[in-house]
Amino acid sequence: RFFSGLLTRLQTSAPTIRTLSSSNSFSPNIPSSLWKLGRLNHVAIAVPDLEKARSLYKDVLGAQVSKTLALPEHGVYTVFVELGNTKLELLHPLGEKSPIASFLQKNKTGGMHHICIEVDDIKAAMTELKEKKIQILSEEPKIGAHGKPVIFLHPKDCHGVLVELEQA
């Protein structure tokens, strides 16, 4: 009798658990953007020896690896490693003013340089990000390694990560 009464009280006093439906927004008072963030396109890694890094991914790990591409307007040589769900971009300095050269001076063995996320409207993204006081590292998008417009967001505004946005 004691236990059945206790069970009844527990059942009636237990809090109702509410679940979020997929139509509910986490921030209902934030207006929707004119642009949308898409999928992770790639993670870029600066490497001091491009051929050694290329060989690691191709010969040791068995990944599909692109040919080396020179991008003088960005000051880099780039190699893409296909991973199925995303890519790695291996970066090596091209020219004396390469941003990768200065990165490698501080990080002798290389390391993660930036992440690239696709957006559906890079111009709308730029406008809104400027309004939100996010520093963009160029006045206009540049053409990136995939032949599409790209911009970079300052790491100080992105919690220490250099973020590249690429037009999808």
Side-chain angles (χ1 to χ4, degrees), residues 26-27 30 32-168:
F26 285 105
S27 304
I30 295 177
S32 62
S33 294
L34 297 175
W35 61 282
K36 206 163 58 178
L37 202 58
R39 70 180 192 93
L40 176 67
N41 183 282
H42 64 266
V43 174
I45 302 168
V47 297
D49 186 326
L50 192 55
E51 283 312 307
K52 265 189 184 174
R54 198 173 183 281
S55 177
L56 167 70
Y57 289 100
K58 183 178 183 198
D59 303 328
V60 177
L61 298 176
Q64 183 180 344
V65 177
S66 74
K67 293 182 178 173
T68 301
L69 178 65
L71 295 174
E73 63 277 13
H74 292 275
V76 298
Y77 289 105
T78 184
V79 168
F80 281 95
V81 179
E82 292 291 333
L83 297 177
N85 62 340
T86 192
K87 296 179 280 296
L88 296 179
E89 180 183 29
L90 307 178
L91 297 171
H92 187 73
L94 169 63
E96 291 179 20
K97 293 183 179 178
S98 171
I100 302 305
S102 59
F103 181 91
L104 288 172
Q105 285 172 355
K106 298 175 201 151
N107 305 276
K108 301 289 184 210
T109 59
M112 192 192 91
H113 185 262
H114 68 268
I115 63 168
C116 176
I117 304 171
E118 296 175 358
V119 295
D120 64 347
D121 186 337
I122 201 160
K123 289 289 199 173
M126 288 179 75
T127 300
E128 188 173 315
L129 291 168
K130 283 179 185 174
E131 288 170 4
K132 292 180 175 179
K133 308 290 186 232
I134 302 295
Q135 186 180 347
I136 299 170
L137 299 179
S138 61
E139 287 301 312
E140 290 295 321
K142 294 181 180 178
I143 299 302
H146 298 115
K148 297 178 180 180
V150 300
I151 58 170
F152 286 87
L153 308 181
H154 200 292
K156 288 181 181 170
D157 295 332
C158 300
H159 306 281
V161 177
L162 179 61
V163 175
E164 177 183 19
L165 298 180
E166 179 180 283
Q167 178 73 47

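- Salt bridge K36/E118: absent, no basic N to carboxylate O contact under 4.0 Å.
- By the 4.5 Å heavy-atom criterion applied to side chains, L69 and K67 are not counted as neighbours.
- The side-chain contact (heavy atoms from CB on, under 4.5 Å) search around A145 returns L71, T78, F80, E89, not counting sequence neighbours.
- By the 4.5 Å heavy-atom criterion applied to side chains, H74 and K142 are counted as neighbours.
- Closest heavy-atom contact between P99 and G75: CD-O, 4.3 Å.
- Between V150 and C116 the shortest side-chain heavy-atom distance does not fall below 4.5 Å.
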Steps toward salt bridge (charged side-chain N to carboxylate O under 4.0 Å, His left out) verdict (E82, K58): CA-CA 10 Å; E82 292 291 333; K58 183 178 183 198; over 6 Å; no

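- Separation of atoms CD1 (I100) and CD1 (I45) is listed at 11.5 Å; rounding is to 0.5 Å.
- When side chains are defined from C-beta on, V119 counts as touching L37, because their heavy atoms get closer than 4.5 Å.
- A distance of 9.0 Å separates NE2 in H113 from CG in N107, rounded to the nearest 0.5 Å.
- Exactly one residue among H42, K148, H146 makes a side-chain hydrogen bond (donor to acceptor under 3.5 Å, both in side chains) with E166. That residue is H146.
- With values rounded to the nearest 0.5 angstrom, L88 atom CG is found 10.5 Å from L91 atom CG.
- Taking CG from D120 and CG from L34, the interatomic distance works out to 9.5 Å, rounded to the nearest 0.5 Å.
- Looking at heavy atoms from C-beta onward, P141 lies in side-chain contact with K123 at the 4.5 angstrom threshold.
- Nearest heavy atoms, G110 versus L104: CA-CD2, 3.6 Å.
- In this structure, CD in E128 is found 10.5 Å from CD1 in I134, a value given to the nearest 0.5 Å.
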Would N41 and T86 count as a side chain to side chain contact (heavy atoms under 4.5 Å, CB included) if you check the C-alpha gap in whole Å, the side-chain angles of each, and the deciding distance to 0.1 Å? CA-CA 6 Å; N41 183 282; T86 192; 5.6 Å; no

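- Remark: L165 CG to W35 CH2 distance equals 6.0 Å, nearest 0.5 Å.
- Residues L162 and L137 form a side-chain contact, since some pair of their non-hydrogen atoms from C-beta on lies under 4.5 Å apart.
- Between L90 and R54 the shortest heavy-atom distance is CD1-N, 3.9 Å.
- Closest approach of P149 and I143 over heavy atoms only: N-CD1, 4.0 Å.
- Nearest heavy-atom pair across L94 and A70 is CD2-CB, 4.0 Å.
- The only member of L61, V60, D59 that meets side-chain contact (heavy atoms from CB on, under 4.5 Å) when paired with Y57 is L61.
- Residue N85 comes nearest to R39 through the heavy atom pair O-NH1, 3.5 Å, listed as atom of the first residue, atom of the second, then distance.
- For the pair K133/D157, no side-chain contact is recorded, criterion being any heavy-atom separation below 4.5 Å from C-beta on.
- The local environment of CD in E139 is sparse, with at most 12 non-hydrogen atoms from other residues, nucleotides or ligands closer than 6.0 Å.
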